[in-house]
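Comments concern the structure below.
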Number of protein chains: 4
Amino acid sequence: MSKGVKIATIGGGSSYTPELMEGFINRYEELPISEIWLVDIEDGKEKLEKVGKMAQRMWDASPYDVKVHLTLDRREALKDADFVTTQFRVGLLDARVKDERIPLSHGMVGQETNGAGGIFKAFRTIPVILSIVEDMKELCPNAWLINFTNPAGMVTDAIIRYGEWEKVLGLCNVPVGAMMAESELIGKSQDELVYAFAGINHFHWHRVKDLQGNDVTSEIIDKMYSNDSGIPANIHDIPFFIEQLKQMNMIPCGYHRYYYRTEEMLQYMLEEYNDPNVGTRAQQVKQTEAELFELYKNPDLNYKPEQLAKRGGAHYSDAACETIASIYANKNTHIVVSTKNNGAVPDLAPDDVVEVSAYIGATGARPIAFGSFQSAERGWLQLMKNMELCVEEAAVTGDYGLALQAFTINPLIPSGETAKRVLDELLIAHKKYLPQFAGKIAELEAA
Amino acid sequence: MSKGVKIATIGGGSSYTPELMEGFINRYEELPISEIWLVDIEDGKEKLEKVGKMAQRMWDASPYDVKVHLTLDRREALKDADFVTTQFRVGLLDARVKDERIPLSHGMVGQETNGAGGIFKAFRTIPVILSIVEDMKELCPNAWLINFTNPAGMVTDAIIRYGEWEKVLGLCNVPVGAMMAESELIGKSQDELVYAFAGINHFHWHRVKDLQGNDVTSEIIDKMYSNDSGIPANIHDIPFFIEQLKQMNMIPCGYHRYYYRTEEMLQYMLEEYNDPNVGTRAQQVKQTEAELFELYKNPDLNYKPEQLAKRGGAHYSDAACETIASIYANKNTHIVVSTKNNGAVPDLAPDDVVEVSAYIGATGARPIAFGSFQSAERGWLQLMKNMELCVEEAAVTGDYGLALQAFTINPLIPSGETAKRVLDELLIAHKKYLPQFAGKIAELEAA
Amino acid sequence: MSKGVKIATIGGGSSYTPELMEGFINRYEELPISEIWLVDIEDGKEKLEKVGKMAQRMWDASPYDVKVHLTLDRREALKDADFVTTQFRVGLLDARVKDERIPLSHGMVGQETNGAGGIFKAFRTIPVILSIVEDMKELCPNAWLINFTNPAGMVTDAIIRYGEWEKVLGLCNVPVGAMMAESELIGKSQDELVYAFAGINHFHWHRVKDLQGNDVTSEIIDKMYSNDSGIPANIHDIPFFIEQLKQMNMIPCGYHRYYYRTEEMLQYMLEEYNDPNVGTRAQQVKQTEAELFELYKNPDLNYKPEQLAKRGGAHYSDAACETIASIYANKNTHIVVSTKNNGAVPDLAPDDVVEVSAYIGATGARPIAFGSFQSAERGWLQLMKNMELCVEEAAVTGDYGLALQAFTINPLIPSGETAKRVLDELLIAHKKYLPQFAGKIAELEAA
Amino acid sequence: MSKGVKIATIGGGSSYTPELMEGFINRYEELPISEIWLVDIEDGKEKLEKVGKMAQRMWDASPYDVKVHLTLDRREALKDADFVTTQFRVGLLDARVKDERIPLSHGMVGQETNGAGGIFKAFRTIPVILSIVEDMKELCPNAWLINFTNPAGMVTDAIIRYGEWEKVLGLCNVPVGAMMAESELIGKSQDELVYAFAGINHFHWHRVKDLQGNDVTSEIIDKMYSNDSGIPANIHDIPFFIEQLKQMNMIPCGYHRYYYRTEEMLQYMLEEYNDPNVGTRAQQVKQTEAELFELYKNPDLNYKPEQLAKRGGAHYSDAACETIASIYANKNTHIVVSTKNNGAVPDLAPDDVVEVSAYIGATGARPIAFGSFQSAERGWLQLMKNMELCVEEAAVTGDYGLALQAFTINPLIPSGETAKRVLDELLIAHKKYLPQFAGKIAELEAA
Ligand SMILES: [Mn+2]
Ligand SMILES: [Mn+2]
Ligand SMILES: [Mn+2]
Ligand SMILES: [Mn+2]
């Protein structure tokens, strides 16, 4: 990397790109980037142009001489890249709208990374990420793949398990947000707390200690019940039962609401779904995105606009930039990442991808051994990880029986006839992006 | 046992007792019983009298000289017993009615051994079984405890884990029924098939081979879809999705319907619940039981009446008698029992109680190592076993947070405010039988 | 198998063959054999002729019409076989002499299945067995492979792991002998005892209970110290330390002497090695074999001669015949076999081959879950199994570093320069049978 | 700790104390110590006086006002301590001489932490450390216990397992030395390399990567064979077989020589043992210590004398001071420590103590998940850890059978009559320090 670092961003036309740029600009001194390649597909070309120009303006306004290349040729972008980041969305927000609205139309949770929607996002995304990995093996075999693409846990697991590519880290902003909110809650800086996260993406728990080694998890829980927080913007704010948190003496991530308070979460989502003035999350995001791209068109805008924070993914790109800088500069930063277990979570297999506290440095993630969970958390976690494995295998093989198994085991999908109907409806709705299921889809359409 | 075998049956006033007697009479030549002690509590005295006399009549009609003792003094019955069988029901059928109707009144599955009802049955039963074990340590330390009491898996696990009593086997008639039905389905005798069961009580799967070593599971599955069967009388007859069974190449037990077809099972149960002419299962059983005890009053009846088969627990007692005879006569019979895992199901801990194919002989159960499950089954099983562990610990400690954790993780209880309300309502409803939760119940009543 | 069972025996020219024939003749009613194929290689042709004729005479003297075919064409023998038994010895007894004498010449244990000799027997045998398995996949894909070939544990493990052939059982006469001797020792019949064996081939332990379920292991241990027994003829009779056996409350197999009493075993072997009138075991066996083949030449001999018992492998063939009959007739006999763990020994991986108590029936072995060992046995067992895995991998890959690792970890080979010299000397000595190590051997010879 | 940090050092009369003082003085700015308590027993009083005064002189020569208290009253020293370090030696060097010479007199490895000597050091030390832990629970329940006392792995494991004290870290200078030597070997600074250690104390391996993420283990191995290094002063310098290291692609710790090159190590030790001018290591150390204490008597000496480096434990105290400072100042330093596994080494149980790369900060050690080993290393490690567990249990219970099991499984003790004789001789020789074995010792003496 003597000539400077080359970054390739797949899905570069995303509205998040300015945040990524800001993160890189802020870290330029420790991460001397020479070129950034934003790649997108034909359907994203217009957005790529807009946000790409905006990105270049941001760099031009900085003290650093960095060229932002825009391309639809993924292979050109990957060639000799040092870091590849992925933030693409197969089927764009329109697909997400279907992931949300089809399940909700049958009275089930419809969500981007959870329930039926999350399973279909995996079905669409895993084949694409595996083809990217194939390109990387050829074009940039020493690069690190920093995956933001959701469902980040399954995607990262599939990269290692089926893509046989080890240099990958999966990222999420949920832990970042939790650490920010909780430290504030008890009047400490983040540096005054020591966090231990363990679980899988969007399904982890954490404990917190202070610098005297005292467990302050319970103190945070108490504060959360006078002043709830630590929840990402895109999860509705329903508190957990305090008795449950006290029993586990851990703090679940915000997405646990779907599992610990299914009744209320579903009710809330159905209200949004049924309200033509609100709509599901993807519909809200579409609106936000449209506004953002309107802003990006402004040739004078050369900094990240405030409105981007509302997008829900705040700190996502920050986490990614910090991860890249930590690898490049061997910083040993504590970051919560999706990485190969290696025993860190002994309740899961050593070769499962987990999301855990890790120190990130030159060799990637060094996951911290967390130890065994108590029974309830262990049961949940083993269920969810095995559900992921089932989804991944279905995504790779296109086996309908496995897809049905995944639907059945998923706790947010009440099993039965309706579940099967949702599965079939989603298969047909996403037909374009599901070549592996082509046979079954044809059969369903013929019926 | 030179002077003949002494059997003590806790909950001897059960309507099942005649079936047990029939089983013992049929096996007298290999299991030379000298005395049978039927024990019950004050509330069951009347039923004990009726069924006890009936039991004595059955023996009197047999060629064997066996005395049936009736007592309310458990310690007297346990003294020097060789085998202790348990078939008691804490709170009688009235408690079961609450286990069923309270959850259903909130739109949730209300069932004897599954969901909220199953959890509360465990809460009521585990403290009692542990006190029986304490008596056994003192009065019959070499006896085998043959447990029919539901939820048989959790109860058996608690006996070993918390009671530290190893000589116990848990029994269920579900595998018996499945083996009978399936062999018939493909036109074989049971002797022509080799069964491998693994999982936990009311949540296991099995594979079947023929005597040429060929897997015939798939053949049975195919037949099941022209002519459904293998389902105990008390589970509504909703078929599994064939695609799912084909994918797993295993046959789930009938109770899996609650998990694999939750929607339909719930709908069916609600229909029964809402129909004043039907009622929930316990209410139906009460009716059946009343009829049975009416029959038992007949001083001329000295054989098991046909109506008992309708009761739902057919073959239960048969399984128990066969188990006892197999231990006594070292028969090495293949019986599916709840026993300590010891590795038979490597996806669970070696000290968990599992329900597996075992050979039963003089040393108890020799569980057959089944090997690892595929992801979906593994996930389900690990969830359910950890849910059991959580329930058992709550049953022993009376920890409300744990009870809430158990409710939250249980797949048949949609988490949220209503779940908590059901938990609280059941705590109060079963107050008399839940001394371990006395503090919390007082708090709830005060609120 | 309607036309009768076809047996193919690889290494049919072995002196054991008459014992095998006797076993089949005794079981003909339950195992109706129609043809037996004895296969051997060119070097074994003469012995094959002699023992083959003897075998036919034995059948001719029986009431059964069975044809014994002799052939050097393995593929002809395997074609449509129902059971394949393997009792071959790559390099014949001359190779075994080297396995014994070369280590002993450097002051190390030289033994057929243990230490350096056992490792080299595996190196020679595993490639051959894998080629047999390839033939079987083509010629008799439904056959059971009954493996007597030593080191039976590693060979069976390699068949499953590298050959990907699941229908295999490994057999050994050590457990048979132990069960016979111990029951006699405490004045019981074998039917009055229940045995639980677990470990790996030639490195297992067992516990014994009586029909009242009482552990009688300790009673047997006590008797062993007034009247030592349970030890195969080819292991020198040095007692274990009683304090050790009492602590473990298990009985180790005879081969444990090499590990628990290394000093004395080595001393004894060196005495035999250094005595020109005695020689190592292989040399003694050669003598016995010569005498046996002399006997077999007698055209009037049509029954198993008494002298064969001295050969050391008594009951080996009996175990094999009983295993085959148990599979064929679904007998569910308790036999100790090498089979896939599947969790039976939870201290080892589910896919490791272990040697355990199993019930043998139509579907092969149903291993009994044994549970975890205490620390000392667990440590020994994990060491030995991993040593086996290391040896197998070296046998398949021909990796010299792995061979050196195997030598270093093997407890009977004191590590260091001498160990490496023994390794190199054995590589050269067995050059003809070690094509996988050809490169390294050439290098060693050039040096 | 507002009033400054209180350090209590058990075994404060050790010749190492000046190194510890130097470490604390160098880190005073980040670790503001207010008082140091050096404790010793009556037998060590004279040494305590000498080295204690020397320690005070070192602080007096520094810019910092720290009082060094000397006491024979352990409880006074422990009262309200923030950190307790242990560097005591039960039975002093005289006991070590016996640990070395008695086994060597029978031709076996005699070494401080390995073989028979290591086992007896554990037998003597574990009861004492457990009594210290009892005092700590009462007198300084929030203190960290930093254990240097050998065998550090077993002692640390026993503290957690039997003492139920979690705030403990075990330390060793071997990894420190290896990291220093290896970086030098390939011309890098330690900061330019990333180390991953895993195993147990004195029996671990490590891999090394550079800041580009490339594995440089192989490069280091190559260099080691032109210029051997990375071996602590007290291990004789015999190189490993390069083929073995290349196969494992890891670097074993120096103590592995005893296991990988037993022949040569034993030969070398016997030479020293038999040479009246050399003697075993303890005898050499006694000489060094006498010289050191002679130096310490000099009232003008107020800095660590150069001769101390020869003592063999160089960097030991440095590691301890760095560990304490890292906890106090939450430095997240990479240090290799003995700590609870929690899954870091998935081949061992989560509650075993392992020695692994960890980040040390305010909450103690955060062990890095290492992943599974290959077969040979896995086998060795599982053997050695289980041997440790066996030794610990024998140390706590005084069970002679377990002691014999430990002797038998230990790879440096050839099993047999001589091993038993060594065990018995050591029991009698250390009688004064082995109250738990009093009964057996009396029996041995009576015989
Ligand atoms: Mn996320
Ligand atoms: Mn049942
Ligand atoms: Mn054998
Ligand atoms: Mn050390």
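So you know, we letter chains A, B, ... as the sequences are listed, proteins then strands, and number each from 1.
- Contacts between D/P350 and chain A at a heavy-atom distance below 4.5 Å involve the side chain alone, from C-beta outward.
- For the side chain to side chain contact (heavy atoms under 4.5 Å, CB included) with A/N330, the qualifying choice from D/D191, D/D210, D/L211, D/L193 is D/L211, the only one to do so.
- By the neighbour-count criterion of 12 heavy atoms within 6.0 Å, atom CD of D/E184 is sparsely surrounded, having that number or fewer from other residues, nucleotides or ligands.
- By the 4.5 Å heavy-atom criterion applied to side chains, A/Y359 and D/H334 are not counted as neighbours.
- Nearest heavy-atom pair, A/A369 versus D/A344, reported as atom, atom and distance to 0.1 Å: CB-N, 3.6 Å.
- To the nearest 0.5 angstrom, A/Q212 atom CD is 12.0 Å from D/T363 atom OG1.
- Of the two parts of A/N214, neither the backbone nor the side chain holds a non-hydrogen atom closer than 4.5 Å to a non-hydrogen atom of chain D.
- Between D/V194 and A/R366 the shortest side-chain heavy-atom distance falls below 4.5 Å.
- In this structure, the portions of A/A196 lying under 4.5 Å from any heavy atom of chain D include both its backbone and its side chain.
- To the nearest 0.5 Å, atoms CG (A/N342) and OG (D/S372) are separated by 7.5 Å.
- For D/A365, no part lies under 4.5 angstrom from a heavy atom of chain A.
- With a 4.5 angstrom heavy-atom cutoff, D/D215 does not touch chain A via any of its atoms.
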